[in-house]
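Single-structure report; data block below.
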There are 2 protein chains.
Amino acid sequence: MQVAPPDFDRMFGALADATRRDIVRRAIDAEEGVAELAGYYSMSFAAVQKHIAVLERAGLVTKERVGRRKVVCTNLEGLRIARRLLDQYEELWRGRVVRMSALISDETKEPPR
Amino acid sequence: MQVAPPDFDRMFGALADATRRDIVRRAIDAEEGVAELAGYYSMSFAAVQKHIAVLERAGLVTKERVGRRKVVCTNLEGLRIARRLLDQYEELWRGRVVRMSALISDETKEPPR
DNA sequence: CATCGATACAACTATATAGTTGTATCGATG
DNA sequence: CATCGATACAACTATATAGTTGTATCGATG
């Protein structure tokens, strides 16, 4: 089975909504079904269900059947994939600083005359 | 001067586009102006300029005037704000695991009869 | 197996977003 | 100060997204 490459558009897009971020947070405890989560928000059940579907497509939550409910579980690995990209940018930043210092020390060693 | 609270909708929304993520990556070196960055993409100059404006509103890049150009600089602090939120979710996850283990060991200590 | 609670999805509306072209502003320079 | 390179922005189009209501499916249970 082929693991899909991370779809950062979907991931960050899914995180770009306060309701969905709240669902991610609540679903960390992996205790509540779709209807229970929907109860927290002032929108319709269907709207919340759609938000959960967006999170699921983004790989940020999974659903686990428990009786007639489907319990929503935050997917830690999904969160980590997103976080790693941001870490990479910070890593590049650190590399830049190193390159800049190297350049400066080169100039110190061999000053243009 | 009042520091604006982080607008995660804008931040993650800005990151939810491959072109904008690429601009963030390139702008880490803080060497290129809007037109230079625009050269990398097959869309119009105006479109790239809009992407940069979106990143700027999200606090992920800043622009620095250099002569008649404006050099685009990735804002490390902005990236960190986004990353910290993801870290918080992982922290909550860790807390959950701890709570679950505590519950299990409680059950071991005081078995229901 | 009829019923009901829980979830899924279709169809629709309103708004946001990504792209376009054209015009305006702004700063360096002959 | 006219010019030109670089940036900003207005106005528009096409498409994606967030919400709605209504209907269908699916699983546990009397």
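When reading the values below, keep in mind they use all heavy atoms of this one structure, side chains included, and skip hydrogens, waters and symmetry mates. Sequence lines set the chain letters: A, B, ... in the order given, protein chains first and strands last, and positions in each chain run from 1.
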**OP:** Report whether B:Leu55 and B:Tyr40 are members of the same hydrophobic cluster (ILVMFWY, side-chain heavy atoms less than 4.5 Å apart, transitive linking).
**Re:** yes
Original post:
Is the charged tip of A:Arg25 near the ring of B:Tyr89: under 6.0 Å from the six-membered ring centre and within 45° of its axis?
Top reply: no
**OP:** Report the residue (B:Val54 or B:Ala46) whose heavy-atom-nearest nucleotide on DNA chain C is the more 5′ of the two.
**Re:** B:Val54
Subject >> Sugar-phosphate only, base, or nothing, as touched by B:Arg69 at under 4.0 Å among non-hydrogen atoms >> reply: sugar-phosphate
Subject >> Pairing of B:Lys70 and B:Glu64 as salt bridge, 4.0 angstrom limit >> reply: no
**OP:** With heavy atoms under 4.0 Å as the rule, sort A:Ala47 into base, sugar-phosphate or nothing.
**Re:** base
Subject >> Residue closer to the 5' end of DNA chain D, A:Met43 versus B:Lys63 (nearest nucleotide) >> reply: B:Lys63
**OP:** For B:Arg65 and C:dC26, give me the distance from atom CZ to atom C1', rounded to whole Å.
**Re:** 6 Å
Original post:
Using purine N1 to pyrimidine N3 plus N6-O4 or O6-N4 for Watson-Crick, or N1-O2 and O6-N3 for G-U wobble, both under 3.5 Å, which nucleotide pairs with D:dC26?
Top reply: C:dG5
Original post:
Does the distance from a Lys or Arg side-chain N to an Asp or Glu carboxylate O, for A:Lys63 and A:Glu56, drop under 4.0 Å?
Top reply: yes
**OP:** Starting from P on C:dA8, measure out to NE2 on A:His51 and report it in whole angstrom.
**Re:** 15 Å
Subject >> Closest nucleotide among C:dT7, C:dG27, C:dA18 to the B:Arg20 side chain >> reply: C:dA18
Subject >> 5′-ward residue of the pair A:Lys70/A:Lys50 relative to DNA chain C >> reply: A:Lys70
Original post:
Considering Watson-Crick and G-U wobble pairs with both distances under 3.5 Å, what does D:dA11 pair with?
Top reply: C:dT20
Original post:
With sugar-phosphate meaning primed atoms plus P, OP1 and OP2, does B:Gly13 contact a base, only sugar-phosphate, or nothing at under 4.0 Å between heavy atoms?
Top reply: nothing
